[in-house]
Every structure is written in structure tokens, then in C-alpha cells.
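Worksheet: one structure, shown below.
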Amino acid sequence: MQINRLTNLLIISIAVVVILIYGQSLLVPFICAWLVWFLIREITKFLNRASFIRKHVPHWLNSLLASLLIFGILSVITRILSDNIQNLARAYPSYQSNIRLLTDQLVQWLNVDIEAYVTDLAGKMEFGKLLASIFNSLTDIIGNAVMIVIYVLFIFIEEAYFMPKLKAVFDKKSEFETVYGMLGQIGDSITHYVGLKTFVSVITGGLGYIVLMIIGVQAPFFWAFLLFLLNFIPTVGSLIGTLFPTVFALLQFGEFLPAVYVLVFVGAIQLLVGNVLEPKLMGNSLNISPLVTILSLSFWGAIWGITGMIMSVPITVILVLVFAHFPQTRPIAIMLSEKGQVTDGSNQAAEDEK
């Protein structure tokens with residue numbers, strides 16, 4: 001009996017992974033739409049703090065204003081990013097000649113002939129191809145923008161009829177409260193995470209833009225947006241976000257001092273925001289083990305690339321909350337949690353109805 005269960009679990013797991021891989025083009029825009037919807041919810045909650053808006057502005061109009069704000073900002077960012085990417089693509093070949101200057105400086109400082117080693121290392125790094133892969137990832141996200149907007153629109157339409165459908169499916173009050181509590185807890189956790197993480201990432205990108213602009217790094221808005229985007233990737237995102245503009249500063253200036261400035265100041269921003277500001281804002285609300293965070297990052301990154309890394313934490317939060325609501329999967333939720341403490345959120349419905 002136990003062998004049959006393990007066999008079924010293995011077959012289901014393989015089937016899920018296959019669906020995730022081959023359904024990427026459909027699932028990724030849909031999940032992005034859900035994250036945008038959660039962000040709209042957070043902005044709507046923020047707007048409702050104003051008594052005038054809460055009393056005189058209907059909920060649908062409040063959500064519409066939040067949606068227009070987000071998509072307006074995304075439209076402006078897309079246009080600026082496109083110009084920055086084109087400028088970088090045109091200028092990058094001229095920067096490759098600076099590798100020779102950097103090699104000569106290293107030879108003078110170290111008094112060791114490392115020209116062959118640096119040339120071989122530069123060939124293996126293929127920074128241009130790596131940069132091109134980032135461009136392609138951003139282009140894919142921008143290319144899916146129309147599909148994401150359509151998904152978000154239909155999510156809002158479905159939201160109006162979701163509660164009656166849920167009550168019709170779960171006619172018993174206890175079952176309805178359990179499911180509704182689970183969905184409410186998932187929504188609150190993801191909304192909280194997406195809102196605060198976006199706020200922290202905007203601060204990181206904004207401060208990075210100021211530093212890069214002062215130093216004179218080309219296309220500072222692109223690198224600042226990269227800092228913003230990679231800040232959603234746990235642990236390694238901030239490191240990668242710091243190294244990319246540092247390496248590019250080396251290629252652009254052909255000197256080490258500007259790159260050192262980028263490394264020190266952008267790295268300091270990442271450390272202060274990531275280790276001081278973000279923990280105070282986030283607290284322990286996510287309730288995910290650090291080891292699970294890294295494993296989730298690796299798994300979703302292997303399946304969906306950079307996009308999967310960005311989505312890894314929200315997806316893991318959802319899994320922990322869902323597993324915690326069922327006795328059969330509750331032990332899994334406990335193992336995935338940070339301190340082994342999980343809640344079933346069964347009282348969420350009653351609290352919301354009050």
C-alpha cells in the first residue's frame with residue numbers, strides 16, 4: 001500500500017514538472033497577472049486609508065485608478081528601457097577594446113604577465129552574450145505585457161462572482177470557512193509580500209540610479225531597473241545586481257576606480273536595504289525556511305529561468321499556506337516553514353464578515 005502511494009506521488013510529481021516546463025508560455029503570464037493583481041490590491045488598501053477616498057470613491061473606481069497608475073508606470077518604464085537597451089547594444093562593441101587597457105594596468109601593478117589568462121577569462125565570460133540573455137528576458141516580459149493586462153482584466157471580472165460560486169461549491173458552513181480562510185490568508189500574505197517587496201526594490205533601484213548617474217555609468221536607468229528586478233530574487237539577486245553594473249563600468253571606463261565606486265556604493269545600498277530596512281518591514285510574515293527559499297529559488301530558476309526565480313518566494317508561500325490547511329499535507333507545511341509554526345486560517349472568514 002505504501003509503495004503504491006509513493007509510486008502515485010512520483011508519477012504526479014513528474015507530471016506536474018512536465019506541465020510546468022511545457023506550459024511556461026501560458027502559466028508565466030497568468031502568474032504575473034496574479035502578482036500585478038495583488039499589487040493593485042495593496043495600492044487600493046493604501047488609497048483607502050484616506051477617509052475621503054474610503055467614503056466617497058467606490059471600490060471599483062479605486063481599483064481602476066490603481067490599475068491605471070501601475071500600467072501607466074509600466075508603459076513609461078518600457079519606453080525608457082527600450083531606449084537604454086538600444087544605446088547599450090550600440091556602444092558595447094566599442095567597450096571591448098578597454099579589456100586591453102585593463103590588462104596592461106594589471107600587468108603594471110602585479111608585475112606578472114597575465115595577458116593570456118585575462119584574454120582566456122574574457123572569452124569564457126562572454127559578457128556580451130550574458131547581457132543579451134538579460135535583454136531577451138526583459139523583452140519576453142515586455143512582450144507578454146498585453147497578455148498580462150488581459151488576464152488582470154478577467155481576474156477583476158471574475159472577482160465579482162467568485163464568492164457566490166465558492167458558497168455554491170461548499171454549501172456547508174465549516175467547509176466554506178476553511179476554504180475561504182485559506183484563500184484569504186494566501187491573498188493577505190502575497191499582497192503584503194508583493195507590496196513591501198516592490199516598495200523596497202523601488203528604493204534600491206532609485207538609490208542605485210542616483211549613484212550610477214553620478215559616477216557616469218551609461219544607461220543608469222537600465223541598471224537601476226535591473227537592481228529593482230533582481231531584488232525580487234532572494235539571496236543571490238542583490239549580488240548579481242551589484243556585479244553586472246560593476247563589470248560594465250570596467251568595460252566602459254577601462255579603469256578600475258569607477259568600477260570600485262560602483263561596487264562599494266551599490267553594494268552598500270544593497271546591504272543597508274536588504275539587511276536593515278527590509279527585515280524591519282517584512283518581519284517574519286513569510287514564514288519560510290531559508291534553506292527552502294534557496295531550494296525553491298534553484299527549482300523554479302531551473303524550470304522558468306530568471307522569471308521563475310522572481311516568482312519562487314510567492315509560489316512557496318502559497319504552497320505552505322495550502323499545505324497547512326489539510327491534515328495529510330500539514331507535516332509538509334511544518335517542514336517548509338521557518339520555525340515549524342503554521343496556522344490554518346479557519347477563522348479568517350468570520351473575521352472578514354465582521
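Sequential numbering from 1 along the given sequence is applied to the chain's residues.
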>> Is there a side chain to side chain contact (heavy atoms under 4.5 Å, CB included) between Ile40 and Val152? Walk through the geometry before answering.
In response: CA-CA 10 Å; Ile40 292 173; Val152 171; 4.1 Å; yes
> Step by step, would you call Gln270 with Thr204 a side chain to side chain contact (heavy atoms under 4.5 Å, CB included)?
Replying inline: CA-CA 7 Å; Gln270 297 277 19; Thr204 303; 3.6 Å; yes
> Can you list the steps and then say if Val217 with Val262 is a side chain to side chain contact (heavy atoms under 4.5 Å, CB included)?
Replying inline: CA-CA 9 Å; Val217 177; Val262 173; 3.9 Å; yes
> Would Trp304 and Ile31 count as a side chain to side chain contact (heavy atoms under 4.5 Å, CB included) if you check the C-alpha gap in whole Å, the side-chain angles of each, and the deciding distance to 0.1 Å?
Replying inline: CA-CA 12 Å; Trp304 288 347; Ile31 295 177; 3.6 Å; yes
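The side-chain heavy atoms of Val18 and Tyr22, taken from C-beta on, include a pair separated by under 4.5 Å. Here the side chains of Val266 and Thr246 are not in contact, with every heavy-atom distance at 4.5 Å or above. Tyr180 has its side chain out of reach of Lys167: every pair of non-hydrogen atoms, C-beta onward, lies at least 4.5 Å apart. Within the 4.5 Å cutoff, side-chain heavy atoms of Leu183 are placed close to those of Leu166. Contact of the Leu207 side chain with the Val211 side chain is not registered, since no non-hydrogen atoms from C-beta on lie closer than 4.5 Å. At a threshold of 4.5 Å between non-hydrogen side-chain atoms, the residues Leu20 and Leu27 count as touching. Here the side chains of Ile155 and Val36 are not in contact, with every heavy-atom distance at 4.5 Å or above. Counting heavy atoms from C-beta on, the side chains of Phe265 and Ile214 never come closer than 4.5 Å.
In this structure, Ile14 is a member of the same hydrophobic cluster as Ile12, with clusters built from ILVMFWY side-chain heavy atoms closer than 4.5 Å. Val292 and Val17 fall within the same hydrophobic cluster, where Ile, Leu, Val, Met, Phe, Trp and Tyr residues are linked whenever their side-chain heavy atoms come under 4.5 Å apart, directly or through other members. Note: the hydrophobic cluster containing Ile80 also contains Ile73 (ILVMFWY, side chain heavy atoms under 4.5 Å, direct or indirect links). Val200 and Ile210 are assigned to two separate hydrophobic clusters, defined by single-linkage of ILVMFWY side chains at heavy-atom distances under 4.5 Å. Hydrophobic clustering (ILVMFWY, side-chain heavy atoms < 4.5 Å, transitive): Leu61 and Trp37 are in one cluster.
Sorted by first and then second residue, the salt bridge (Lys or Arg N to Asp or Glu O under 4.0 Å) pairs with a member in residues 311-322 form an empty list; sequence neighbours excluded.
The side-chain hydrogen bond (donor to acceptor under 3.5 Å, both in side chains) test applied to Thr198 returns no partner, not counting sequence neighbours. Here Ile19 pairs with nothing under the side-chain contact (heavy atoms from CB on, under 4.5 Å) rule; sequence neighbours left out. The side-chain hydrogen bond (donor to acceptor under 3.5 Å, both in side chains) search around Ser201 returns Asn231, not counting sequence neighbours. Every residue was checked against the side-chain hydrogen bond (donor to acceptor under 3.5 Å, both in side chains) condition with Thr242, not counting sequence neighbours, and none meets it. Here Lys172 pairs with nothing under the salt bridge (charged side-chain N to carboxylate O under 4.0 Å, His left out) rule; sequence neighbours left out.
Relative orientation of the Trp34 and Phe30 rings is perpendicular, given thresholds of 30° and 60° on the angle between their planes. Between Trp223 and Phe248, the ring planes lie tilted relative to each other; the angle falls in the 30° to 60° range. Taking the six-membered ring where the residue is Trp, Phe228 and Phe232 present perpendicular rings, their angle passing 60° and hence far from 30°.
Counting heavy atoms of neighbouring residues, nucleotides and ligands inside a 6.0 Å radius, atom CE of Met335 does not exceed 12 of them. Heavy atoms from other residues, nucleotides or ligands lying under 6.0 Å from OH of Tyr261 number 12 at most.
Annotation for Leu250 and Glu255: closest pair CD2-O, 3.6 Å, computed over non-hydrogen atoms. The heavy-atom pair separating Ser312 from Thr316 by the smallest distance is O-OG1, 2.7 Å. Taking both residues in full, the closest heavy atoms of Met311 and Cys32 are given as CE-SG, 3.0 Å, listed atom of the first, atom of the second, then distance. Of all heavy-atom pairs between Ala249 and Ala259, the closest is CB-CA, 3.9 Å. Between Phe253 and Ile215, the shortest heavy-atom contact is CZ-O, 3.8 Å. When all heavy atoms of Pro314 and Leu35 are compared, the closest pair comes out as CB-CD2, 4.1 Å.
Atoms CG and CD1, on Leu297 and Ile310 in that order, are 10.5 Å from each other to the nearest 0.5 Å. Atom CD1 of Ile240 and atom CD1 of Ile233 lie 6.0 Å apart (nearest 0.5 Å). Between the CG atom of Leu239 and the CZ atom of Phe244 there is a distance of 10.5 Å, given to the nearest 0.5 Å. Taking CD1 of Ile203 as the reference point, atom CG of Leu272 lies at 11.5 Å (rounded to 0.5 Å). Note: Thr44 OG1 to Leu64 CG = 10.0 Å, rounded to the nearest 0.5 Å. Residue Ile294 holds its CD1 atom at 8.0 Å from CG of Leu291, rounded to the nearest 0.5 Å.
Remark: side-chain polar atoms of Gln218 are not paired, donor with acceptor, to backbone N or O of Gln252 under 3.5 angstrom.
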